[in-house]
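Below is one structure, written out as structure tokens; the observations come after it.
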Amino acid sequence: VIVTDVAGILAEALGSGQVAAGDSLSHDYGHDEALNVTAQLPAAVVFPANTAEVARVVAVAVEHRIPLTARGSATGLSGACIPTAGGAVVSFERMNRILDIDTANHVAVVQPGVTLEQLDKATAAVSLVYPVFPGESSASLGGNVATNAGGMRAVKYGVTRHQVLGLEAVLGTGEVIRTGGRFVKATTGYDLTQLITGSEGTLALVTEATLRLYPRSAYSATILAPFADLDAVTAAVPPIIASGVGPLMVEYLDRTTMDAIVASGRLDLGVSQPVKDVSLAFLVLVLEQRRDVRLEEDVQELATLVAGLGALDVYVLPAQAGTRLIQAREKAFWTAKAAGADDIIDVVVPRASMPAYMREVAELAGRAESWVAGCGHAGDGNVHLSIFQPDPRTRGALVRDLLAAGLAQGGAISGEHGIGKAKKTYVAALEDPAKLALWRRIKTAFDPAHILNPGSIFDQEPSA
Ligand SMILES: Cc1cc2nc3c(=O)[nH]c(=O)nc-3n(C[C@H](O)[C@H](O)[C@H](O)COP(=O)(O)OP(=O)(O)OC[C@H]3O[C@@H](n4cnc5c(N)ncnc54)[C@H](O)[C@@H]3O)c2cc1C
């Protein structure tokens with residue numbers, strides 16, 4: 001059924017000041033940052049200001065069968081917030097208040113439109129930190145929850161789902177539920193907090209999140225270690241984790257990616273030319289501590305360990321150079337995009353399987369006559385591969401082979417970016433059909449009219 005007056009129906013529910021449609025609609029509402037998904041403008045965008053308004057929007061959408069797609073800051077990399085043709089976008093930009101920073105229970109309670117940057121400022125003021133930091137600080141917490149965002153600090157703190165203690169959410173029926181609370185444990189029925197986290201807006205609209213906070217460390221240091229090849233870098237990761245030092249970040253970059261971010265960030269890392277000439281891969285470690293003497297001990301221990309694991313040299317970067325390297329690494333996506341990458345995937349494998357997986361990546365890329373470069377969260381086994389192959393058929397087959405190889409290593413199709421619309425055909429082809437059937441039944445339980453972000457992660461009807 002195609003509803004012709006979506007904007008009119010929504011304006012009747014919330015008032016015309018809270019709905020945009022037609023020529024006033026910015027093209028931004030038709031896409032996120034995914035490289036390989038066609039943009040689609042919605043019939044209307046609605047801007048609710050509170051939970052009751054979100055519930056009202058869902059109720060009229062159910063009544064009129066209007067597909068709804070939640071939108072945070074649209075920094076996602078899987079096309080998950082691209083709306084359905086003829087549907088509406090629910091934008092959370094007006095629900096952008098930090099409701100509480102509870103220093104006694106170490107939690108923040110936020111509306112979904114709060115950005116990471118906003119929360120970081122507020123927590124810094126009380127020497128606490130919300131530790132999940134995917135590379136884009138304009139991302140919203142609602143989007144982080146819905147994608148189960150990861151990022152560079154996950155090796156120490158875990159990903160978003162390890163920080164979400166409770167949610168308020170509007171189901172696809174229009175009912176409002178509250179899950180969890182300001183505590184870390186609950187064994188009280190099915191864990192709906194965890195089911196909604198990572199569901200990419202397909203099960204419920206998140207209207208409030210209770211998030212875990214930690215003490216903010218005052219001291220940090222960055223270690224850079226060039227290696228002769230990628231194999232040696234990835235093989236160094238398990239012993240670093242096993243050391244017990246507990247680094248904040250364990251990142252790898254291949255030579256192509258390092259050269260690109262050094263150029264775009266105008267970095268001078270102090271690596272000597274003879275070492276540069278023979279380095280094909282780099283390890284970056286960031287350490288943090290509450291006391292400077294303890295940080296110094298950790299730096300010494302890890303620097304010695306890394307040297308013994310085959311590093312060509314070990315550099316402890318001055319504070320400013322370290323910060324600039326991490327900022328440039330966060331922008332690796334933009335650098336790859338500017339270099340003309342045709343697609344980006346973020347396979348995760350067990351960290352000890354990374355050397356074997358990366359050898360397969362090189363072999364598959366060579367066989368498909370394609371160029372694959374990358375970097376990633378090596379401590380988590382999460383590799384971000386930029387695929388340079390303009391022919392869509394060759395590229396599609398290569399991506400499928402790369403994902404299948406990750407699954408064969410005991411991994412998963414996406415470590416943190418999600419499936420959205422970009423990877424759903426690979427999920428349909430490679431995932432267990434029994435699991436997909438269960439996902440469909442779960443979706444139907446939350447969203448019986450199938451109006452919440454339809455066509456993301458999987459199609460409701462199995463393809464023939
Ligand atoms: C340069 C760059 C670097 C990045 N680095 C990382 C990284 O290291 N790690 C990582 O994990 N990600 C990374 N990302 C991806 C992105 O930042 C994350 O996916 C982020 O969580 C998206 O947040 P958003 O607010 O932009 O969500 P959007 O893109 O707006 O939406 C993402 C999904 O969340 C849903 N959604 C949004 N709000 C709600 C809500 N209130 N209720 C229900 N569903 C909702 C949408 O429907 C969609 O399915 C990067 C992106 C860029 C551009």
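Indexing begins at 1, ligand by ligand and atom by atom, following the structure's order. Values below: every heavy atom of this structure, side chains too, minus hydrogens, waters and symmetry copies.
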*Please state which part of Thr75 comes within less than 4.0 Å of ligand 1, counting heavy atoms only: side chain, backbone, both or neither.*
both

_side-chain contact (heavy atoms from CB on, under 4.5 Å) partner of Val347, the single match among Asn382, Ile413, Val399, Leu403_ = Leu403

*Identify which one of Val284, Val306, Leu285 satisfies the side-chain contact (heavy atoms from CB on, under 4.5 Å) criterion when paired with Leu224.*
Val284

_Ignoring hydrogens and geometry beyond distance, is a side-chain donor-acceptor pair present between Asp346 and Ser414 at under 3.5 Å?_
yes

*How far apart are the C-alpha atoms of Arg182 and Asp100, what are their side-chain angles, what is the distance that settles it, and do they pass the salt bridge (charged side-chain N to carboxylate O under 4.0 Å, His left out) test?*
CA-CA 11 Å; Arg182 297 180 189 209; Asp100 194 13; 2.8 Å; yes

_Within this structure, what is the CZ-OG distance for the pair Phe333 and Ser386, rounded to the nearest 0.5 Å?_
9.0 Å

*Looking only at protein heavy atoms, which one is nearest to atom 20 (C) of ligand 1, and how far off is it?*
Asn144 ND2, 3.5 Å

*asked:* Counting non-hydrogen protein atoms only, what is the nearest one to atom 14 (N) of ligand 1? Give residue, atom name and distance.
replied: Leu77 CD1, 3.9 Å

*In the protein, what heavy atom is nearest to atom 34 (O) of ligand 1, and what distance, to one decimal place, separates them?*
Ala146 CB, 3.2 Å

*Would you say Ala74 touches ligand 1, if touching means a heavy atom closer than 4.0 Å?*
yes

*Check if Met95 has a non-hydrogen atom at a distance under 4.0 Å from any atom of ligand 1.*
no

*Of all the heavy atoms in Gly420, does at least one lie under 4.0 Å from an atom in ligand 1?*
no

*Nitrogen or oxygen of Trp334 less than 3.5 angstrom from that of ligand 1*: no

*Contacting atoms of ligand 1, where contact means under 4.0 angstrom from a heavy atom of Glu200*: 49 (O)

*What do you reckon, does Ser140 have a nitrogen or oxygen under 3.5 Å from a nitrogen or oxygen of ligand 1?*
yes

*Assess whether salt bridge (charged side-chain N to carboxylate O under 4.0 Å, His left out) is satisfied between Glu208 and Arg178, documenting all intermediate values.*
CA-CA 9 Å; Glu208 188 186 296; Arg178 292 192 74 88; 2.7 Å; yes

*Look only at the side chain of Gln163 and the backbone of Val159, and say whether a donor-acceptor pair between them is shorter than 3.5 Å.*
yes

*Against heavy atoms of Gly201, which atoms of ligand 1 measure under 4.0 Å?*
43 (C), 44 (N)

*Report yes if some N/O of Gly150 lies less than 3.5 Å from some N/O of ligand 1; otherwise report no.*
yes

*ligand 1 versus Ala204: contacting region, heavy-atom distance under 4.0 Å*: backbone

*In terms of ring plane angle, is the pair His384 and His417 parallel, tilted or perpendicular, where the classes change at 30° and 60°?*
tilted

*Under 3.5 Å between some N or O of ligand 1 and some N or O of Met152?*
no

*For Ala70 and ligand 1, does the shortest N/O to N/O distance drop below 3.5 Å?*
yes

*Answer yes or no on whether Arg153 is positioned over the face of Phe133, meaning its NZ or CZ is under 6.0 Å from the six-membered ring centre and within 45° of the axis.*
yes

*Report the residues that fulfil side chain to side chain contact (heavy atoms under 4.5 Å, CB included) with Thr75, sequence neighbours left out, ordered by chain and then residue number.*
Ser73, Glu136, Ser138, Ala139

*Give the residue, atom name and distance (to 0.1 Å) of the protein heavy atom nearest atom 41 (N) of ligand 1.*
Val206 O, 3.0 Å

*Considering only non-hydrogen protein atoms, determine which one is nearest to atom 7 (C) of ligand 1 and report residue, atom name and distance to 0.1 Å.*
Glu416 OE2, 3.4 Å

*Sole candidate of Asp459, Val427, Ile457 that passes side-chain contact (heavy atoms from CB on, under 4.5 Å) when paired with Leu436*: Val427

*Below 4.0 angstrom from a heavy atom of Asn453, which ligand 1 atoms are there? Numbered from 1 as shown, please.*
47 (O), 49 (O)

*Among protein heavy atoms, which sits nearest to atom 6 (C) of ligand 1, and what does the distance come to when rounded to 0.1 Å?*
Gly135 N, 3.5 Å

*Should the proximity of Ser73 to ligand 1, defined as any heavy atom under 4.0 Å, be assigned to the side chain, the backbone, both, or neither?*
both

*Counting heavy atoms not belonging to Glu12, are there more than 12 under 6.0 Å from its CD?*
no

*asked:* Counting non-hydrogen protein atoms only, what is the nearest one to atom 13 (C) of ligand 1? Give residue, atom name and distance.
replied: Pro134 CB, 3.7 Å

*Per-residue contact class, Lys331 against ligand 1 - non-hydrogen pairs under 4.0 Å*: neither

*For residues Glu288 and Ser220, is any side-chain donor paired with an opposing acceptor at under 3.5 Å?*
no

*Which of the atoms in ligand 1, numbered in the order shown and given with their element, are less than 4.0 Å from a heavy-atom of Pro112?*
41 (N)

*Any atoms of ligand 1 less than 4.0 Å from a non-hydrogen atom of Ala149? List them with their elements.*
11 (O), 21 (O)

*Any side-chain donor paired with an acceptor under 3.5 Å for Glu117 and Thr115?*
no

*Counting from 1, what ligand 1 atoms have a heavy atom of Leu205 closer than 4.0 Å?*
42 (N), 43 (C)

*asked:* With ring pair (Phe, Tyr, Trp, His ring centres under 6.0 Å) as the rule and sequence neighbours excluded, what pairs involving residues 146-174 come up?
replied: Tyr157-Tyr214

_Among all the protein's non-hydrogen atoms, which is closest to atom 2 (C) of ligand 1, and how far away is it?_
Glu136 CB, 3.9 Å

*Determine whether the side chain, the backbone, both or neither of His417 has a heavy atom under 4.0 Å from any heavy atom of ligand 1.*
side chain

*Would you check the N or O atoms of Glu330, main chain and side chain alike, for any that come under 3.5 Å of an N or O of ligand 1?*
no

